[in-house]
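Read through the structure below, which is laid out as C-alpha cells, and then see the notes.
Hydrogens, waters and symmetry mates are skipped; everything else that's a heavy atom, side chains included, is used. Each ligand, and each atom within it, is numbered from 1 in the order the structure gives. Please read these numbers as outputs of a predicted model, since none were measured by experiment.
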Amino acid sequence: MNTLYSFRRCPYAMRARMALRYSGVAVDIVEVSLKAKPDEMLALSGKGTVPVLNADGRVIDESLDIMRWALAQNDPQDWLLKDDPGAAVQIAPLIEQNDQVFKVHLNRYKYAERYPEQPMEVYRGEGEVFLQRLDELLEGRDYLLASHPSLADVALMPFVRQFAHVDRDWFAQTPYRRLQDWLQRFLDSELFTGVMRK
Ligand SMILES: N[C@@H](CCC(=O)N[C@@H](CS)C(=O)NCC(=O)O)C(=O)O
C-alpha cells in the first residue's frame with residue numbers, strides 16, 4: 001500500500017507525482033493543506049514538507065528520492081538514461097543547479113516585493129541565465145539530455161513552468177523558442193495533465 005501526501009501547486013509534489021504516474025505504481029494521493037498538515041503525515045516525517053511517500057512502510061520525504069524510487073520500480077522509457085551513460089551523468093548536476101540555484105532566483109522573481117533590495121528585473125535576469133542554458137541543451141533535440149524525456153526534464157519542468165507563468169508575456173517574447181516548445185510539450189502531455197486533473 002503506497003500513499004503520497006501531496007499539494008497540488010507544489011512543484012516538488014508535481015514532479016514526484018509525474019514520476020509515480022509514469023512508473024505505473026499504484027499510489028493513493030492525499031491532498032494536504034500546508035496550513036494544516038495532517039498528523040499522520042507529520043508522524044511519518046517530521047520535516048513537514050510535501051511530498052511524502054509512504055511506500056509500504058518505507059518513508060521517503062524528498063521529491064527526488066521519490067522519483068528515483070518510482071523509476072527503480074519501472075522505467076519504461078529510460079528516464080534514467082541507462083542506454084547513454086555519458087548523458088546519465090549530467091542528470092544529477094542539472095537537477096542540483098535547478099534545486100540549489102534556479103529555485104532561489106525563481107522565488108525572488110516570483111515574490112520580488114519581499115526582496116526590495118533589487119528590482120524584479122534583476123531577479124528575473126538571474127533566473128534567465130538558467131533558461132538560456134536549458135535552451136542551449138535543447139539544440140537539435142526535444143529534451144534536455146536525450147531525444148526522449150529523462151529524470152532531469154521532469155524534475156525541472158514544474159520550476160520552469162512557475163518561472164514562465166510569473167509573466168507569460170515576458171516568457172513568450174524571450175528568444176528561448178526551444179525551451180518554450182519543450183515546456184508546452186509537457187503542459188500538453190498526458191503525464192502532466194493527468195497529475196493536474198482534479
Ligand atoms: N527538498 C524538498 C522540498 C519540498 C518543499 O519545500 N515543499 C514545500 C511546498 S512546495 C513545503 O512543503 N513547504 C512546507 C510549508 O510550506 O509549510 C523536496 O524536494 O521534497
To check your reading of the model: name the closest protein heavy atom to [atom], its residue, and the distance in Å.
atom	value
atom 16 (O) of ligand 1	Leu34 CD1, 3.7 Å
atom 6 (O) of ligand 1	Tyr12 CE1, 3.7 Å
atom 7 (N) of ligand 1	Val50 O, 3.0 Å
atom 13 (N) of ligand 1	Thr49 CG2, 4.0 Å
atom 14 (C) of ligand 1	Gly48 O, 3.6 Å

Worksheet item: Any N or O of Ser63 that comes nearer than 3.5 Å to an N or O of ligand 1?
Response: yes
Discussion item. Geometry only, no angles: is Leu64 polar-contacting ligand 1 at N/O separations under 3.5 Å?
Written reply: no
Item to complete: Check ligand 1 against Pro51 and write out every atom of the ligand that is under 4.0 Å from a heavy-atom position of the residue.
Response: 20 (O)
Response to the item:
Within 4.0 Å of some non-hydrogen atom of Cys10, the atoms of ligand 1 are 7 (N), 9 (C), 10 (S)
Discussion item. Measuring only between side-chain heavy atoms, which start at C-beta, is Val160 closer than 4.5 Å to Leu179?
Written reply: yes
Practice prompt. Answer yes if the ring centres of Tyr123 and Tyr111 are under 6.0 angstrom apart, and no otherwise.
Written response: no
Item to complete: Run the ring-centre check on Tyr109 versus Tyr115 and record whether the distance is less than 6.0 Å.
Response: no
Discussion item. I'd like to know whether Glu62 forms a side-chain hydrogen bond (donor to acceptor under 3.5 Å, both in side chains) with Thr49, so could you lay out the CA-CA distance, the side-chain angles of the two residues, the decisive distance to 0.1 Å, and finally the verdict.
Written reply: CA-CA 8 Å; Glu62 279 292 323; Thr49 59; 5.5 Å; no
Item to complete: Scan side-chain atoms only and decide if Asp75 and Tyr22 contain a donor-acceptor pair under the 3.5 Å cut-off.
Response: yes
Worksheet item: So, Gln180 versus Thr174: side-chain donor-acceptor pair below 3.5 Å or not?
Response: yes
Practice prompt. Would you indicate which of Arg9, Lys37, Glu62 comes nearest to atom 15 (C) of ligand 1 when only heavy atoms are counted?
Written response: Lys37
Discussion item. Do the side chains of Arg15 and Asp99 get close enough for a salt bridge, i.e. N-O under 4.0 angstrom?
Written reply: yes
